[in-house]
2 protein chains.
Amino acid sequence: MFTVIESPTIAGCCAPLTDAPLDEAQALELAVVLKALADPIRLRIVSLVATAPDREICACDLPAALDRSQPTVSHHLTQLVRAGILVREQRGKWAWFRIAQPQLDALGQILGS
Amino acid sequence: MFTVIESPTIAGCCAPLTDAPLDEAQALELAVVLKALADPIRLRIVSLVATAPDREICACDLPAALDRSQPTVSHHLTQLVRAGILVREQRGKWAWFRIAQPQLDALGQILGS
DNA sequence: TCATCACATCGATATTCATCGATTCGACAC
DNA sequence: GTGTCGAATCGATGAATATCGATGTGATGA
């Protein structure tokens, strides 16, 4: 029995903003992902992960790095994973996080850079 | 006497997320812009403007197009202008809006697409 | 089995924010 | 001026959310 962990993605959500008007469903889907990024703490988390050695980081280091409590950091990490921006991996007692690069790439495509 | 209308920009705000960790000020500045985009109504406004003939749109057409009241649409337009994503131009009684392309391009650069 | 550590969840609180009706403001035409 | 029309502002309300202390959960090691 295989267990497939699906990571939510906006890859097929919509064309670049300049190509076609978004319908309500597409706008909602995109907004969910952008809202997950649109927070100073979560942006710092993403940039910390993206620039860490091996491009991964242990949750245990974040409360000190961000000057936030452990429950608050956990809350933000959950938001980022549910938006498909981070990927979580359990290693023993520790939780490690990586960037879900396809999701960020898709965002860039849609914003049309 | 000249009147210089400054459009807020994140152009010099920060390097791509994958290049260096954001400090608190950079993260806050970026979050303000992303937060302005991270709403379904505002995303639809941006895509409507970006795909309109001549890439501009009259505010008068938006309440019907978005099924929101005039004050609500005005509120969202204000948010987008203050974030430097849209540019407002008054023509007689009407207000017209265009995309501030450099701001969107800068966003794409920072997200690293 | 038991203590410990890392992290998630719960409960509460304060703040932010989307929304709309009513009102005000500004530009235009007469 | 006066009336009209487009749009911003005000005030209120309900919903979403960032935060943290306390508690629960799951894995580790003795």
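Keep in mind that this is a model prediction, so the values were computed, not measured. The sequence lines fix the lettering, A, B, ..., with proteins before strands; numbering per chain opens at 1.
Following rounding to the nearest Å, B:Arg82 (CZ) and C:dA18 (P) show an atom-to-atom distance of 11 Å. Taking atom CG of A:Leu62 as the reference point, atom P of D:dA18 lies 16 Å away to the nearest angstrom. One atom, CG of A:Asp67, and another, C1' of D:dT19, lie 12 Å apart when rounded to the nearest Å. As a whole-Å value, the separation of B:Leu28 CG from C:dT16 C1' is 14 Å. Nucleotide C:dT15 holds its P atom 17 Å from the CG atom of A:Asp39, rounded to whole Å. Taking atom CG of A:Leu80 as the reference point, atom C1' of D:dT17 lies 14 Å away to the nearest angstrom. One interatomic measurement links the two molecules: NE2 of A:His75 to C1' of D:dC20, which rounds to 12 Å at whole-angstrom precision. For the pair B:Gln90 CD and C:dA27 C1', the computed distance is 8 Å after rounding to whole Å.
When all heavy atoms of B:Gln103 and B:Ala83 are compared, the closest pair comes out as NE2-O, 2.8 Å.
The B:Trp94 side chain lies nearest to D:dG6 when the options are C:dC7, C:dA18, D:dG6. Minimum atom distance to the side chain of B:Pro71 is reached by D:dT9, of the listed D:dC20, D:dT9, C:dC7. You'll find that the side chain of B:Phe97 is closest to D:dA8, out of D:dT19, C:dC7, D:dA8. Considering only side-chain atoms of B:Cys58, the nucleotide from D:dA7, D:dA18, C:dT19 that sits closest is D:dA7. When each of D:dA7, C:dA27, C:dA8 is scored by its nearest atom to the side-chain atoms of B:Lys93, the top-ranked nucleotide is C:dA27.
Sequence order on DNA chain D of the closest nucleotides to A:Gly92 and A:Lys35 puts A:Lys35 first from the 5' end.
Heavy-atom contacts from other residues, nucleotides or ligands closer than 6.0 Å to CD of A:Glu24 number 12 or fewer. For A:Arg82, the CZ atom sits in a loose shell: 12 or fewer heavy atoms of surrounding residues, nucleotides or ligands are nearer than 6.0 Å. The environment of CG in B:Asp61 is crowded: more than 12 heavy-atom neighbours from other residues, nucleotides or ligands sit within 6.0 Å. In B:Asp67, the CG atom is not crowded: 12 or fewer heavy atoms of neighbouring residues, nucleotides or ligands sit closer than 6.0 Å.
Judged by distance alone, with hydrogens and angles left aside, B:Gln70 brings a side-chain donor or acceptor within reach of the base of D:dA8, the pair sitting under 3.5 Å.
Side-chain N/O atoms of A:His76 include none lying less than 4.0 angstrom from OP1 or OP2 on D:dT17. Residue A:Arg68 places at least one side-chain N or O under 4.0 Å from the OP1 or OP2 atom of D:dT19. For C:dA18, neither phosphate oxygen OP1 nor OP2 lies less than 4.0 angstrom from any side-chain nitrogen or oxygen of B:Thr72. An OP1 or OP2 oxygen of D:dA18 is reached within less than 4.0 angstrom by a side-chain nitrogen or oxygen of A:Arg42. Between D:dA8 and B:Ser74, a contact under 4.0 Å exists linking OP1 or OP2 to a side-chain N or O.
Between B:Glu56 and B:Arg91 the shortest side-chain heavy-atom distance falls below 4.5 Å.
Using a 4.0 Å heavy-atom criterion, one finds that A:Arg91 contacts no nucleic acid atom at all.
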